[in-house]
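The structure appears below as structure tokens.
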2 protein chains.
Amino acid sequence: MATKKKTGRPAKERLLDAAERLFAQRGYHGVSIRDITEAAGADVALVNYHFGNKRGLLTRVFERRAEILNRERLERLAAVRPGPDGRLDLEAVVNAFMEPLILRSGRGGRGWKSYFALIAQVNNSPELSVLMTRHFDPVVHKFIDVLTAALPGADLRDVYWGYHFLTGALTLTFAETGRLDKLSGRLCRSSDLDSVHTRFAPFMAAGFAALAARGAPVAPLAKARARRKAPAGAN
Amino acid sequence: MATKKKTGRPAKERLLDAAERLFAQRGYHGVSIRDITEAAGADVALVNYHFGNKRGLLTRVFERRAEILNRERLERLAAVRPGPDGRLDLEAVVNAFMEPLILRSGRGGRGWKSYFALIAQVNNSPELSVLMTRHFDPVVHKFIDVLTAALPGADLRDVYWGYHFLTGALTLTFAETGRLDKLSGRLCRSSDLDSVHTRFAPFMAAGFAALAARGAPVAPLAKARARRKAPAGAN
DNA sequence: AAATTCATTGAACGTTCGTTGAATATTAGC
DNA sequence: GCTAATATTCAACGAACGTTCAATGAATTT
């Protein structure tokens, strides 16, 4: 009994926390059950007892915070109100989706930071991205709906593609891999939440608006004729 | 000698191809050397003979196509010419960076598709993203330079953050994990390169322009006074 | 054709892997 | 305080892991 450190919290929770941190650092296959149980100060057999198997542990880690995130995203999306012109503000819609992450990525949220780093890997993995579909897409559908309402006349496919670009940027940004820091010679810091907060929604809202404008160049009613091939940028 | 299938190509190349495909599907830690050598029809010892160890194989897989991509990206970036107003077209700059991927992601490029799926995982991994830094950032710096030239008066940090958003969207998009297909009920197809080609540059160019406009609202010369906190979107 | 280098094979190394079952400790219900 | 359910420990299983080495085959050089 040298390495065991049984705190007051139950072993089941310690396992979830340790798994979250280690999965985020080295990926699902890069961490063994023994790595996790050792870090949690628990016995190897407890993973299979509490979660069935290693994959069940990953699933539980994944859904634990997804429920919290989904609830708040829905609340914020429902709270987005039309402006004086009767239109929904695109940046406000994007922020309803993004700010719940900002709030939890601060100093106190070490567990949340690990969770976001894990999400980034899951989102970009062919074999694990089904977890994104299962645990997030119901709320994403709601997000798509509100985005569509904020983009009258836009082709629905533009909204889906725009969301796809957004989620790629979002998950990488909150993963905080440190690449931006190195690339910019420490001019930019992944951990600088203010920098993300002031830039993300303007960038994405402008992207969505550009797609909508491209599909229906002038008026929202000229939608049926926008079926031709788009002209593309250059070359 | 039942499972060995020695084609005309050398075992070293067969190993690279098999490793590329399997790493892309299941991740670096999710694939064993025996998985790779079996798929390549080669002996287990050949990985260590040709590449030193498993990590050396990953490095070689990664740099093999990076060199090709870097060369073409540099050529295209150098070929971007100012328009009649003397300014560089933002979409043209983005396309110089993105189109080399489009060209290789078509029907014939099965190996390239695997490679892009691998890049997405490496880019989002804390322990592997150093490979991105090492093999891509020299060319990314050139990309940043040209972007900055196309965004006169913009804060350099905006350009870096914009690139960060862009690379997150780009790597996820070309990973083709299938999540967009499921999310949209098959309305959008990850493999539809035309859909990517017509949307990516407009979306990103508008994002960059919005960041630049936010930092220097009117004229490029009003740069030194833009040090205050930005107003953010909503909430 | 002999010598030398390079590529491949087969077998084995010690270690770690995920998982299991029986035994023990702890908690909760009555 | 006894009982029953839950939680944790301990030891072990067979399989798979990355790596190594001596032996063999093939290709190149002299």
Side-chain angles (χ1 to χ4, degrees), chain A residues 1-62 64 118 121-122 125 127-128 131, chain B residues 1-62 64 118 121-122 125 127-128 131:
Chain A
M1 52 173 61
T3 59
K4 299 298 175 60
K5 45 167 178 177
K6 16 183 71 175
T7 76
R9 315 179 52 233
K12 190 172 178 178
E13 292 181 19
R14 303 203 308 271
L15 284 172
L16 285 170
D17 292 343
E20 183 174 63
R21 193 184 93 243
L22 292 171
F23 284 158
Q25 287 174 351
R26 310 207 293 266
Y28 174 68
H29 292 293
V31 179
S32 72
I33 288 185
R34 283 175 174 83
D35 291 335
I36 296 166
T37 53
E38 187 176 341
D43 191 90
V44 276
L46 278 184
V47 165
N48 296 272
Y49 173 74
H50 283 299
F51 308 101
N53 52 32
K54 188 185 176 186
R55 181 62 180 256
L57 172 57
L58 172 68
T59 300
R60 187 68 195 102
V61 164
F62 204 77
R64 181 171 60 148
L118 174 59
Q121 296 178 66
V122 169
S125 156
E127 75 169 330
L128 297 181
L131 289 176
Chain B
M1 54 178 62
T3 58
K4 301 297 176 60
K5 45 166 178 179
K6 16 182 75 175
T7 74
R9 314 180 51 233
K12 189 173 180 178
E13 292 183 18
R14 302 202 310 269
L15 284 173
L16 285 170
D17 291 343
E20 183 174 64
R21 194 185 91 243
L22 292 172
F23 284 157
Q25 287 173 351
R26 308 206 296 265
Y28 174 67
H29 292 294
V31 178
S32 72
I33 289 186
R34 284 174 173 83
D35 290 335
I36 297 166
T37 53
E38 188 175 342
D43 192 271
V44 275
L46 277 185
V47 165
N48 296 274
Y49 173 75
H50 282 299
F51 307 102
N53 52 29
K54 189 186 176 185
R55 183 62 180 255
L57 172 57
L58 173 68
T59 301
R60 187 67 196 103
V61 164
F62 204 78
R64 181 170 60 148
L118 173 60
Q121 296 178 65
V122 169
S125 158
E127 74 171 328
L128 297 181
L131 289 175

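The basis for the numbers below is simple: all heavy atoms, side chains too, and nothing from hydrogens, waters or symmetry mates.
At a threshold of 4.5 Å between non-hydrogen side-chain atoms, the residues A:R64 and A:D17 count as touching. The shortest distance between side-chain heavy atoms of B:N53 and B:I33 does not fall below 4.5 Å. Counting only heavy atoms from C-beta outward, the side chains of A:L16 and A:R60 approach each other to under 4.5 Å. Using a 4.5 Å heavy-atom cutoff, the side chains of A:I36 and A:V44 are not in contact.
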For this session: Show the numbers, then the answer: is there a side-chain contact (heavy atoms from CB on, under 4.5 Å) between A:L118 and A:V61?
Result: CA-CA 10 Å; A:L118 174 59; A:V61 164; 3.8 Å; yes
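Applying the salt bridge (Lys or Arg N to Asp or Glu O under 4.0 Å) criterion to A:R55, with sequence neighbours excluded, gives no partner residue. Looking at residues two or more places apart in sequence or on another chain, you find no salt bridge (Lys or Arg N to Asp or Glu O under 4.0 Å) involving B:R21. With sequence neighbours left out, A:E13 forms a salt bridge (Lys or Arg N to Asp or Glu O under 4.0 Å) with A:R9.
Atom CD1 in B:I36 sits roughly 11 Å away from atom C1' in D:dG18 (whole-Å rounding). Remark: P of D:dT20 and NZ of B:K54 are 15 Å apart, rounded to the nearest angstrom. For B:E13 and C:dT8, the CD to C1' distance is 16 Å, given to the nearest whole Å. With rounding to whole Å, A:E38 atom CD is found 13 Å from C:dG18 atom P. Here D:dA7 presents its P atom at 16 Å from CZ of A:R9, a figure rounded to the nearest Å. Look at CG on A:L15: it is 14 Å from P on C:dG18, rounded to the nearest Å. The interatomic distance linking B:L46 (CG) with D:dC21 (P) rounds to 16 Å, in whole Å.
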Report all interatomic pairs (protein N or O, nucleotide N or O of nucleotides 24-27 of chain D) with separations under 3.5 Å.
none

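Residues of residues 20-35 of chain A having a heavy atom closer than 4.0 Å to DNA chain C, listed by number: A:V31, A:S32, A:I33, A:R34.
Residue pairs meeting the ring pair (Phe, Tyr, Trp, His ring centres under 6.0 Å) criterion with at least one member in residues 26-58 of chain A, sequence neighbours excluded: A:F23-A:Y28. Screening residues 22-34 of chain A for salt bridge (Lys or Arg N to Asp or Glu O under 4.0 Å), with sequence neighbours left out, gives A:R26-A:D35.
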Exercise. Can you give one letter per nucleotide of nucleotides 20-28 of chain C, 5' to 3': B if a protein heavy atom sits under 4.0 Å from the base, S if only from the sugar-phosphate, - if neither?
Worked result: BB-------
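Put simply, B:H50 has no side-chain N or O that comes within less than 4.0 Å of OP1 or OP2 on C:dC6.
Counting all heavy atoms, side chain and backbone alike, B:L15 lies closest to B:L46 at CD1-CB, 3.8 Å.
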